[in-house]
2 protein chains.
Amino acid sequence: MTDMPATPRRRGAARTEELLQVTLDLAAEVGYAGLSIEAVGRRAGVGKHTIYRRWPSLSALLLDALSRVWTSDLDYRDTGDVRADLREQFLRSGLALSSPPIGPVYRAVIAEAQADSMLRATLHERFLATVEQSTLDRITRAQRTGELTAEANLEFAAEVLCGTLYYRSLLSTRPIDEDAVDGLLDMFMAAYGTGN
Amino acid sequence: MTDMPATPRRRGAARTEELLQVTLDLAAEVGYAGLSIEAVGRRAGVGKHTIYRRWPSLSALLLDALSRVWTSDLDYRDTGDVRADLREQFLRSGLALSSPPIGPVYRAVIAEAQADSMLRATLHERFLATVEQSTLDRITRAQRTGELTAEANLEFAAEVLCGTLYYRSLLSTRPIDEDAVDGLLDMFMAAYGTGN
DNA sequence: ACTCGATCGGCACGCTGCGTGCCGATGCTG
DNA sequence: CAGCATCGGCACGCAGCGTGCCGATCGAGT
């Protein structure tokens with residue numbers, strides 16, 4: 001009579017990994033509303049301590065879960081055509097932001113962040129600023145190659161580009177479709193493009 | 001022995017008014033974290049039914065409270081200089097968005113909206129789209145007077161302008177200061193200004 | 001191989017807020 | 001001044017939070 005559990009219990013670092021995955025699965029299935037420490041624990045068959053030992057709060061867990069799936073695809077291609085590269089990346093990011101599991105987890109973090117300015121700073125630092133920086137890098141290269149005017153203040157431009165996408169996907173009810181991206185890029189290129 | 005209450009009880013419409021004010025006061029004092037139906041009821045010396053009879057949820061109450069203080073100052077001036085008019089309005093809105101009671105209430109609504117797509121639609125319709133429309137009206141006039149190029153797609157432009165402000169004040173940790181507004185307007189005018 | 005300590009799952013607690021139901025009082029309307 | 005909608009107060013069951021304690025389980029060091 002083997003009442004060995006199918007999988008042996010408790011593993012330290014491996015548990016951490018598993019909990020992050022369970023969080024993402026939960027987010028994909030039930031969305032933000034169903035995300036709670038209790039729900040993650042229940043789903044993973046885990047005591048709440050096992051979660052609290054690793055993360056001080058639900059927000060911290062969500063941030064780590066987000067890192068797991070958001071780190072890739074951050075970098076822009078560089079085909080030499082800055083407009084095309086931005087377009088491709090914006091459409092890709094827009095899709096990711098509106099699909100599970102990234103969409104629900106992002107929404108959850110943003111909701112929590114509204115009540116917690118520390119979390120807001122962390123969110124900005126670990127995600128938003130990183131995305132802006134990656135955009136800034138790409139358009140700075142374009143400025144060097146003469147695709148963009150030398151006078152352009154690219155730091156603000158990167159913020160405007162990314163901010164508009166976040167605004168549309170998280171606060172507005174409109175999708176990030178080709179029209180939206182093209183409209184945004186029309187304005188950006190009209191402002192700072194050299195026509196090369 | 002007059003145990004008359006200082007103020008006579010219960011008044012129907014006047015209670016509604018009072019509850020909205022209490023909500024704003026609470027938001028200004030304790031921020032989003034302290035906003036709950038119970039807290040508003042406690043503060044107003046009111047049973048929860050009195051609130052639930054008027055609003056189906058905390059979000060609905062918050063939206064109405066927001067209307068009370070956000071309706072004014074929505075319209076742009078029209079001095080004939082579109083850049084100056086936008087600049088003034090953006091700085092005013094930016095200040096309002098980051099101060100009590102509007103800031104905390106706005107944050108609270110946005111947090112709730114992340115878990116409720118219906119609320120997100122209502123938020124967008126009653127506030128975000130209204131602000132965008134008002135911006136669109138102003139820049140459309142500027143296009144007619146020749147301050148902006150005829151080819152500009154102003155609908156997207158209005159979204160980019162407003163979206164950037166919301167992004168900065170609600171998701172970023174940066175303030176909406178003169179530099180930010182000037183950077184945004186630099187890009188907008190570089191794209192669509194005629195130099196008139 | 002065996003011991004010992006860290007980690008584990010499970011259960012319980014008190015606290016807060018939600019949304020609803022019921023009560024007796026209060027005050028406006030007719 | 002009578003009748004009734006509205007009111008404040010209290011209670012309920014439910015859920016999640018963050019913490020404390022228990023005995024089981026695993027794995028590191030000998």
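All values below were derived from every heavy atom in this structure, side-chain atoms included, with hydrogens, water molecules and symmetry-related copies excluded.
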Original post:
What pairs meet the salt bridge (Lys or Arg N to Asp or Glu O under 4.0 Å) rule with one or both residues in residues 156-175 of chain A, with sequence neighbours excluded?
Top reply: A:E159-B:R168, A:E159-B:R174, A:R168-B:E159, A:R174-B:E132, A:R174-B:E159
**OP:** Determine, for B:R141 against B:D85, whether the closest basic-nitrogen to carboxylate-oxygen distance falls under 4.0 angstrom.
**Re:** no
Original post:
Looking at CZ of A:F156 and CG of B:L184, how far apart are the two atoms once the value is rounded to the nearest 0.5 Å?
Top reply: 9.0 Å
Original post:
Can A:Y76 and A:T135 be counted as having a side-chain donor-acceptor contact under 3.5 angstrom?
Top reply: yes
Original post:
Looking at B:D182, B:D179, B:D177, which one forms a salt bridge (Lys or Arg N to Asp or Glu O under 4.0 Å) with B:R87?
Top reply: B:D182
Subject >> ring-ring contact (aromatic ring centres under 6.0 Å, His included) contacts touching residues 102-125 of chain B (sequence neighbours left out) >> reply: B:W70-B:Y106, B:Y106-B:Y166
Subject >> Residue-phosphate contact under 4.0 Å: B:T50 side-chain N/O, D:dG8 OP1/OP2 >> reply: yes
Original post:
Do B:S36 side-chain atoms and B:A39 backbone N/O form a donor-acceptor pair below 3.5 Å?
Top reply: yes
Original post:
Listed in order of residue number, which residues of residues 37-48 of chain A have a non-hydrogen atom at under 4.0 Å from DNA chain D?
Top reply: A:I37, A:E38, A:R42, A:K48
**OP:** For A:Y52 and C:dG9, give me the distance from atom OH to atom P, rounded to whole Å.
**Re:** 15 Å
Original post:
Is B:R43 salt-bridged to B:E29, going by a charged N under 4.0 Å from an acidic O?
Top reply: yes
Original post:
To the nearest Å, how far apart are A:R53 CZ and C:dG10 P?
Top reply: 14 Å
Subject >> Length of the CD-C1' vector between B:E18 and D:dC7, whole Å >> reply: 12 Å
Subject >> Given D:dC17, C:dC8, C:dG19, the nucleotide with the shortest approach to the side chain of A:R15 >> reply: C:dC8
Original post:
If you measure only the distance, is there a donor-acceptor pair under 3.5 Å linking the side chains of B:T16 and B:R54?
Top reply: yes
Dump every N/O contact between nucleotides 20-22 of chain D and the protein below 3.5 Å, one line per pair.
residue, atom, partner, partner atom, Å
D:dG20, N7, A:H49, NE2, 2.8
D:dG20, O6, A:H49, NE2, 2.9
D:dC21, N4, A:H49, NE2, 2.8

Original post:
Rounding to a whole Å, what distance do you find between B:W55:CH2 and C:dG19:C1'?
Top reply: 17 Å
Subject >> A:I51 CD1 - C:dT7 P separation (whole Å) >> reply: 16 Å
Original post:
What pairs with A:T122 under side-chain hydrogen bond (donor to acceptor under 3.5 Å, both in side chains), at least two apart in sequence or on another chain?
Top reply: none
**OP:** Tell me which residues in residues 104-115 of chain B put a heavy atom below 4.0 Å from DNA chain C, sorted by number, or none.
**Re:** none
Original post:
Have A:Q21 and A:R68 got a donor and an acceptor in their side chains that come within less than 3.5 Å?
Top reply: yes
